[in-house]
Trainee: 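There's a structure below that I have some questions on.
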Protein chains: 2
Amino acid sequence: MDLKSFEKQVAVSTADICREIFESRSHSIKIKKEPVAVRNLVRIFKATLKLANQKGFHAMSLRDLCAESGMSMGGLYAYFKNKEELLTLIQEQGRAIVARVLGDQLAGIDDAAQALDMAIRSHLYLSEVLQPWFFFSYMETRFFHAEEGKRAIAGELQTEAIFAGILQKGIASAGFAIPDPLLVAAAIKALLQDWYLKRWKYRRRNISVEAYGDFVISMVRAYGAGQTAKGEK
Amino acid sequence: MDLKSFEKQVAVSTADICREIFESRSHSIKIKKEPVAVRNLVRIFKATLKLANQKGFHAMSLRDLCAESGMSMGGLYAYFKNKEELLTLIQEQGRAIVARVLGDQLAGIDDAAQALDMAIRSHLYLSEVLQPWFFFSYMETRFFHAEEGKRAIAGELQTEAIFAGILQKGIASAGFAIPDPLLVAAAIKALLQDWYLKRWKYRRRNISVEAYGDFVISMVRAYGAGQTAKGEK
DNA sequence: GTCTATACAACGATAGAC
DNA sequence: GTCTATCGTTGTATAGAC
């Protein structure tokens, strides 16, 4: 598992999932030719993420989006019925890619320590490759409407639950001892999020994804070891 | 140092600083009577933070702000010349309060371990009492214009430098060993920010500020201890 | 299938009555 | 010192030409 393989996997998944979105929404998308639609969806998503991450989704006007995507007003509205649906589309696409790629990575690992490594590194690599989407998703969540907002919170709690589960398992198998798995899981999430929220900072300091991953893992390990030591006194 | 004393200190500072803002801006603020101006500034800030944190500063219309603050359009424009200046005013006020309160707390502590405790807890308590401002400041930073944006980044790096300094000192005084103080400082910041960015989560789980503070401190300590252990091998 | 032109609503900001 | 009325601009969304 390295960054390059993630890039490839995400690139393939992105096209696949745009195709799936096109098919599942063929009733509302006015374009009928698949290759055209998929190409334009990719363009729209890329342009939206760029602009929305600069000035915010709300502040990004559809005129801005026309210019950035190289499409026209009418052209855009062939893919969604209003601006909010564009947001839904982007969330749908991102979530689908994340689920697919992470599912592939985490399948069939039993050892808790190994699972912890894998989960942390996978999240980190994925958020590195899909940084614009992760950033967007984090920053815009509070503006989402009811349903989309619930989905975002559910996503946050779900990945947290994955970490908590691994830590719990780690306690059982005695590799490391952690009295408050959920709290540590929350901390792991916070550290992983910091990576894609403040990319500028880590880039400026020449810290690589790999190095940051090592750091997060050693942090969690040290905490587990410290708690063991205390407990064994 | 407990939460209650922070509340009092912040309440006093807020009024003080609104008074100072009024005085320093008496040329641009059209209101001349201090008591009226200070009362209205406090109202405007509170209303702005509430609305901006719900829907975003850009999406918050000044008509919304009229309703929330109980003032009129013309009334608002007596305190700032445009919407952007309102943002500047809020940032100025928040930064001033933070600098004053934290300055009071951290003055004259020499021991590194004690300073680490104090710095973490102070930040945490302050962000608890001033949560709306911290949240606002974090979430809106990316929309700030040149000067205000630089100030925000400088603020982030400055508090990080404080933590890094304490950790460095900790190495020197041999209390704990940390090979990468700046990285650990960044992690501390991320954990402290998570507290005010995801308040809903920690509240839902009945985790108190004190408990979270203990957790962050023990995390850093454990990491320091782990590195010492390795180094001594 | 894509573009231009336009309708209509909401915004920030100001001028002048009270 | 505060309010109401109104201006010009900019936004989303659509209808109809090509």
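Naming: A, B, ... by sequence-line order, numbering from 1 per chain.
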Trainee: Between atom CE in Met60(B) and atom P in dA13(C), what is the gap in whole Å?
Mentor: 11 Å
Trainee: Just the rounded figure in Å: distance from P of dT14(D) to CG of Leu76(A).
Mentor: 13 Å
Trainee: Measure the distance from NZ on Lys83(B) to P on dG12(C) and round it to the nearest whole Å.
Mentor: 5 Å
Trainee: Measure from CZ on Phe80(A) to C1' on dT12(D) and round the result to the nearest Å.
Mentor: 11 Å
Trainee: Are Gln93(B) and Cys18(B) packed together at the side-chain level, in the sense that at least one heavy-atom pair is separated by less than 4.5 angstrom?
Mentor: yes
Trainee: With a cut-off of less than 4.0 Å, is there a side-chain N or O of Arg63(A) near OP1 or OP2 of dT12(D)?
Mentor: no
Trainee: Set out, line by line, the N/O atom pairs under 3.5 Å between protein and nucleotides 1-5 of chain C.
Mentor:
unit_1: dG1(C); atom_1: OP1; unit_2: Lys32(A); atom_2: N; d: 2.9
unit_1: dG1(C); atom_1: OP1; unit_2: Lys33(A); atom_2: N; d: 3.0
unit_1: dC3(C); atom_1: OP2; unit_2: Ser72(A); atom_2: N; d: 3.1
unit_1: dC3(C); atom_1: OP2; unit_2: Ser72(A); atom_2: OG; d: 2.9

Trainee: Inspect the surroundings of NZ in Lys33(A) and state if more than 12 heavy atoms from other residues, nucleotides or ligands are less than 6.0 Å away.
Mentor: no
Trainee: Figure out the CZ/C1' separation between Phe57(A) and dT12(D), and round it to whole Å.
Mentor: 12 Å
Trainee: Rounded to the Å, how far apart are Lys55(A) NZ and dT10(D) P?
Mentor: 12 Å
Trainee: Whole angstroms only, please: what is the CD-P distance between Glu85(B) and dA13(C)?
Mentor: 11 Å
Trainee: Under a 4.0 Å N-O cut-off, is there an ion pair linking Lys198(A) with Glu160(B)?
Mentor: no
Trainee: Between Glu85(B) (side chain only) and Lys81(B) (backbone N and O only), is there a donor and an acceptor less than 3.5 Å apart?
Mentor: yes
Trainee: Is the closest side-chain heavy-atom distance between Val10(A) and Trp133(A) below 4.5 Å?
Mentor: no
Trainee: Under 3.5 Å, is there a donor-acceptor pair linking the side chains of Glu128(A) and Trp195(A)?
Mentor: yes
Trainee: Measure from CG on Asn82(A) to P on dG11(D) and round the result to the nearest Å.
Mentor: 17 Å
